[in-house]
There are 2 protein chains.
Amino acid sequence: MAWKILIVDDEPDIVDFIEYNLQKEDFITAKAYNGEDALRIAADFRPDLIILDVMMPQMDGIDTCRRLRQNPDLASTYIMFLTARSEEYSEIAGFEAGADDFVNKPVKPRALMSRISAIARRKSLTVDPDSNSVSHKGIKIDPSSYTVSIEDKELPFPKKEFELLYLLMSKPGKVFTREKILNKIWGESVYVVDRTIDVHIRKIREKIGDDMIQTVKGVGYKFVA
Amino acid sequence: MAWKILIVDDEPDIVDFIEYNLQKEDFITAKAYNGEDALRIAADFRPDLIILDVMMPQMDGIDTCRRLRQNPDLASTYIMFLTARSEEYSEIAGFEAGADDFVNKPVKPRALMSRISAIARRKSLTVDPDSNSVSHKGIKIDPSSYTVSIEDKELPFPKKEFELLYLLMSKPGKVFTREKILNKIWGESVYVVDRTIDVHIRKIREKIGDDMIQTVKGVGYKFVA
DNA sequence: CCCTATGTTAACTAAATGTTAAGCAGGGAC
DNA sequence: GTCCCTGCTTAACATTTAGTTAACATAGGG
């Protein structure tokens, strides 16, 4: 998954330095040197992550962040602030504006990379292992262990199948359209063919029985109520 | 790990005296002369330990401590109070505010240092030696002796491997994500590569058998239930 | 009975983890 | 201080398995 990252800072040196390090790790990057540009470029580029300097002339990072958040297309975009240790900007204001993380300047490549991969990891998990298990019709799906039990017999479930079943079981009887499923489990910027969903559905049915998941032709799938 | 320590006292002489002693031992220090400054600096500096005078004009130590504790980033920060022997402030109030330790004024360097290194030792251990041993599937892991026994045969376990196994065994069946593992065992400000976890897992498996720890691909690891 | 949506299978690709060995750093012995 | 030992981390490479796709089969509404 090639991540797209937008780097925003008024100091070109810093932008270049970060870009260099990101490209080394095969990220796709875009640059902006002020808040205005950032907004414009972000709308086009649709980054997965925006690295945003807090302290910039004219529109500062907090402001930029707030306005970025107004674009619904960027709702799921991760925003990471760069702050100088001594800056008076409290992180509180940043969080209120919609920031997801903070990294101190001067930027240390390793720390930055590790933060980014932490974000990537988090984003890739649609089911949090701390959420509650759900049971219906003798089937229990448990995020804390990532297992599905049928009549107390535990079955191994790979990640995607697990997430898909969890989604369906979270609202038994409700039909999930293919589109919803794709958005929820694969995310907005991932392109997979419809058939992919079918294949996962089939594998799930193979394990828990054919009649637990119903097809609503032309609409989607539902877990029987 | 170079420890960061914030010293807070309204008397500059005392601050300087403590700072001098700490720097001699290679600690990284920051200073504040009142509660307000302490809060601000702490948010930025992210100290591992805060040495806090109880008796200060305006915001006293208890108050400062209470407000420091409201910052979630400082949750794991150790707070050590400086109290004059004669002060009426009871330690109760201090503990309630979230203090971890008390040291009497006048400060004696050696006593202070030994207290700090005691704290450092404790903090560097993610596993408290006072906690209880855990047994599953013929494997017993005992924090009080830092040993792992398999069928009553004791095996040598280095620290990291021990902590990792202890974490997993503390909740058998539960999946721990890489992120959780990193945070719990390495801490938030340490950056290691994912592969490091795998290597430790491998060494543990080598000792206790391959099937005790299961991989949940794309999610994390779990100790078999 | 046709047309389209879905089912099914197996091959393929890509991502995640397993594994090995080498480098490094801290602590203790001398 | 220097040497050695041990444990931690990393990089490089191998392996595994989940995930995806293509190709073809089937079913059911109109």
Is the gap between the ring centers of A/Phe162 and A/Tyr146 under 6.0 Å?
-> yes
Please tell me if [X] has a side-chain N or O lying less than 4.0 Å from either OP1 or OP2 of [N].
X	N	answer
B/Trp186	D/dC8	no
A/Thr196	D/dT21	yes
B/Arg178	C/dT17	yes

So what does [X] hit on the nucleic acid, given a heavy-atom distance under 4.0 Å: a base, only sugar-phosphate, or nothing?
X	answer
A/Arg121	nothing
B/Tyr221	sugar-phosphate
B/Thr215	sugar-phosphate
B/Tyr191	sugar-phosphate
B/Phe157	nothing

Taking the side chain as every heavy atom from C-beta outward, state whether B/Ile51 and B/Ile5 have any atom pair closer than 4.5 Å.
-> yes
5'-most contact on DNA chain C (nearest-nucleotide basis), B/Val199 vs B/Gly218, goes to B/Gly218
Name the closest nucleotide to the [X] side chain, picking from [options].
X	options	value
A/Lys203	D/dT20, C/dT6, D/dA18	D/dT20
B/Arg205	D/dC8, C/dG18, D/dA18	C/dG18
B/Val192	D/dC8, D/dT9, D/dT20	D/dT9
A/His200	D/dA22, D/dG19, D/dA11	D/dG19
B/Arg195	C/dG7, C/dG18, D/dA18	C/dG18
B/Lys217	C/dT17, D/dA22, D/dA11	C/dT17
A/Asp198	C/dG7, C/dG18, D/dT20	C/dG7
B/Lys160	D/dA22, D/dT10, D/dC8	D/dC8

Decide whether B/Tyr166 and B/Asp142 meet the rule of one side-chain donor and one side-chain acceptor closer than 3.5 Å.
-> no
Does NZ or CZ of A/Lys4 come closer than 6.0 Å to the centre of the six-membered ring of A/Phe45, within 45° of the ring's axis?
-> yes
Length of the line joining [X]:[atom1] and [N]:[atom2], which is rounded to integer Å:
X	N	atom1	atom2	result
A/Lys159	D/dT16	NZ	P	22 Å
B/Asp194	C/dG18	CG	P	11 Å
A/Glu206	C/dG7	CD	P	13 Å
A/Glu163	D/dT20	CD	P	10 Å

Result of checking A/Ile14, A/Val15, A/Thr64, A/Asp9 against A/Asp53 for side chain to side chain contact (heavy atoms under 4.5 Å, CB included) | A/Asp9
